[in-house]
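Protein chains get the first letters and strands the later ones, always in sequence-line order, with residue 1 at the start of each.
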Amino acid sequence: MTDLLEVTDAGLYCPAGGFWVDPWRSVPRAVITHAHADHARSGCDRYLCAAPGKLVMRSRLGGRVPIDTLRYGESTTFNGVKVSLHPAGHVLGSAQVRVEHGGIVWVVSGDYKTAPDPTCAPFEPVRCDVFVTESTFGLPIYRWPAPDTIAAEINAWWRANQAEGKTSVLLAYALGKAQRLSAMVDPSIGPIHGHGAVMKLVRAYRDSGVRLPPIDAVPARAKRVGQGRALVIAPPSVAGSGWLRVFGEVAVAQASGWMTVRGIRRRRGFEKGFVVSDHADFPGLVAAVAATGARRVLVTHGSSEAFARFLRGRGLEADVLATRFTGEQPDRDDAGDAGDDDGVGSEAEPDVPGPDMSRPDDGAAVDPADRGELS
Amino acid sequence: MKRFTDLYGRLDATTKTSEKEALLVDYFRAVPPGDGAVAVRVLSGGRQSRAVSTALLRAWAAEVAGIPDWLVEECYAHVGDLAETLALLLPEPVASPPTAAAMEWGGLADCLRGTVDRIRAEGDEGQKRAMVEEIWRGLGPAERIVWHKFLTGGLRVGVSRTLVARALAVVAGVEPAEMLERLIAARLEGAEDYLELLDPVANTTSRRPYPFFLAAPLDEPPAGLGDVVGWQVEWKWDGVRAQLVCRGGETALWTRGEEIVGERFPEVIAAAERLPDGTVLDGELLVVRGGRQLGFDQLSKRLHRKAPTRRDTAELPVAFLAYDLLEAGGVDLRAEPLGQRRRQLETLAAALGWPVFEPPLVGDPLPSPARDSVPFLLSPLLAPADWDTVVTARTTARDRGVEGVMLKRRDGAYGVGRTRGEWWKWKIEPLEIDAVLIGAVAGHGRRAGLHTDYTFGVWHDGRLVKIANAYSGLNDEELTEIDRIIRATTLEKKGPWRGVTATLVMELAFERVAESTRHASGVAVRFPRIVRWRKDKSPAEAGTLADLRALVAPVDPGSLLPPSTHLPPTPRPISRPSERQTTFWEEGE
């Protein structure tokens, strides 16, 4: 009896169906959970994603590659294997992949969050036998404050910066979090500006029918932008760069789940951090796992070992699954999303494992505990 | 309490010293004096005693949070700060503010008296737990962090005592140096102490030390310092820097860590009775036995003995080696040139019969029948004819058990802090070896979550044997990169420790290598630190245990105690474990 999905050199593979989920090498048929660079890599022959995410995927992968879509809940078959996509609540168009064959159901969560987000469909639990879950924030210290609380904090910070004549610079992933933040804040406080990488995806979101407040691009060769009043949303890579110069005196804050921990915030040199994540917090992960009814859980990226052990303590069959997904990174936020954050475009995305990879390059020693054995 | 928590959060949020000072000034101006006394004590690094063991706190927090104990440890390894870990794990507060009235919540001093002191005094563990849990229910994460730190006696704020003194000086309107002196001697137990500290009128109290004047490291040969005649050249001793203050018929012995340690060295205090009133000496505490100086490890045994027995003082006699006279006849001499101060010091030493202590070379016969228990010694001057003589003398430093040479400008005053160009310390070149990184644990504080505390090994019989742990010497980028490699090459995990495949080679520097039965390798290295990451070297090219053994300092028979007279291992304080974590002295700088 073989598994429905297994980890191969190219990624998570379904032998019965002949397709890969979020492959990290070029393959003939890729089913994509969402458009972040560690999940959607260019170079495959054919892609399948959820319909609401098609334009976002197109903006990441370029204009010509064939992208098929399914509506949430709609199914298709590959070699008799039934595949359907279900909302993951992570970013626009993010999906969990449900795979059914011979009466067995697997669900691959991709990245997900259970907190509400005005810019994408909410996470929907899907019943299954085997659940492949992420665990970026799989430690119980990670518990997100209510989005309203965070929105109020960001608004108060923005106003306080205005009072001091400083432009507010909020650092966040260009895809997903930037748009979500723009929809969370109070646009009546002042103008909102977006970095080029952010604007590209703002357009994709708007073209997909997501309502966002007015956001202005930062004009090239501008001398002075924002005048100490604006909120600027930009990818983390701009921190400390000359790009910030046009905004005059700035207050810089990072929006990330990692901002929960003071040491991580300090190491990154940010004086201010807001706890906002597009990943599930620990209670969210525990609730999501329970809602699937799965007896077997495979845990990928993040605190996978601890979370798997925790689940075993609750009587589940749980193991670590070694993938090259990186999720949100505590020390290099652009790692999972390098293409867009650097404004380079997705073509340049090399097949490089992320910094917190649980699986190193071929030939290097492998942490036995991190090796995913699917037998 | 809210005000202090707020200050803590703001200090934590900025890395700029000027902003920290401004925050402190605002706080000290606004705070009620009773709270001010507590805050100054805490902010300037005063020790607090623990009210509950961290083991109990962890166990209680695990139960309250409904998670297994191992997961608390996992979180702690990730966060790197226990107070913060527990604060994040506990459930949301049920009410805010809490059952405030009952606990006299409000002011910092009242809060500590009403909660921390009560919990400390409570003997029954069940009662302790009930009190802790009651407060947990009422506090949000930010307040919990600060409160946990008070509870466990581990509050460290990212401000130095000097910075606190500077802020207090602004509030009081006095000179920072004057405030630092006041701060060192202040009792800080109640409102009056705080008001006295902020007294705008400068006054002197009897047993205050002067701020220590510090030497800067000399990185290049001294030829560029001008004529050698302008410099007083001395040995750099491997002891504990100290000031002896005799005023008003009382004697106080202060370390550079600005701790009073007189009761630990009764032989020095007793002999100081012969000193005239109004004398302040600057010098070094050393263990000198049989005419030879014993190593720093022997001195540290005495430092840990709060109340030494007669046997302790006989087996490890401590001497105060004087090298400067800061006050004579009640007159502050610090503005006088060093040459003048030295002449007065020599006159004093001659009057009291203090011998000059020349550090003998290993194996040298001792010049005169060794006299034990001479509690006062005079630091010898090298009087070199030229810089080459200094260079040569320095090469003998390791064999004399000293750390190098000191160069002090003869016409210079005794300054405050570290002023470049007045005093130089020219240490001997460290010993070095290329070692292989064999394991790591995650760091704390700013290095939380990164594997930055490394274990190093060298080759022996085809295996890597552990020789040292080292933490310092790399920049943030390198730390991040190495963390990534450690995660990717992990072979085994033992709790927070990861053993890794040998891929990384670092150049380590250390001061000394000695035989040791406590280490599996058979050698112990002193002060290991990382010089650089040798990306150009493969693990196979790293050093061997034989290379390291070749560096072992020659054993001086005079420095070895007969086995029967060895002091027992350093005792562990029983009731106040927080003291164990605090290095209250600083090694001779």
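- Only the side chain of B/Glu19 comes within contact range of chain A, judged by heavy atoms closer than 4.5 Å.
- Within 6.0 Å of CZ in B/Arg29 there are more than 12 heavy atoms belonging to other residues, nucleotides or ligands.
- Pairing each heavy atom of B/Glu84 with each of A/Arg262, the nearest pair is OE2-N, 2.8 Å.
- Between B/His78 and A/Tyr142, the two ring planes are perpendicular [angle over 60°; tilted spans 30° to 60°].
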Give the C-alpha distance, both sets of side-chain angles, the deciding distance and a yes or no for side chain to side chain contact (heavy atoms under 4.5 Å, CB included) between A/Leu139 and B/Leu71.
-> CA-CA 8 Å; A/Leu139 290 174; B/Leu71 194 47; 4.0 Å; yes

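- In the displayed structure, B/Arg10 atom CZ is contacted under 6.0 Å by at most 12 heavy atoms of other residues, nucleotides or ligands.
- Between B/Glu92 and A/Arg143 there is a salt bridge, since at least one side-chain N of the basic residue sits less than 4.0 Å from a carboxylate O of the acidic one.
- The CZ atom of A/Phe282 sits 7.0 Å away from the CD1 atom of B/Ile67 when rounded to the nearest 0.5 Å.
- No other option in B/Val72, B/Leu90, B/Val500, B/Thr85 has as many heavy-atom pairs under 4.5 Å with chain A as B/Leu90.
- In this structure, A/Arg245 has no side-chain hydrogen bond (donor to acceptor under 3.5 Å, both in side chains) partners at least two apart in sequence or on a different chain.
- Under the 4.5 Å side-chain criterion, counting only non-hydrogen atoms from C-beta, B/Trp70 is in contact with A/Arg309.
- Between chain A and the options B/Leu86, B/Thr503, B/Asp12, the largest number of non-hydrogen pairs under 4.5 Å is found for B/Asp12.
- In terms of heavy-atom pairs under 4.5 Å with chain B, the best-connected choice from A/Ala306, A/Ser303, A/Gly273 is A/Ala306.
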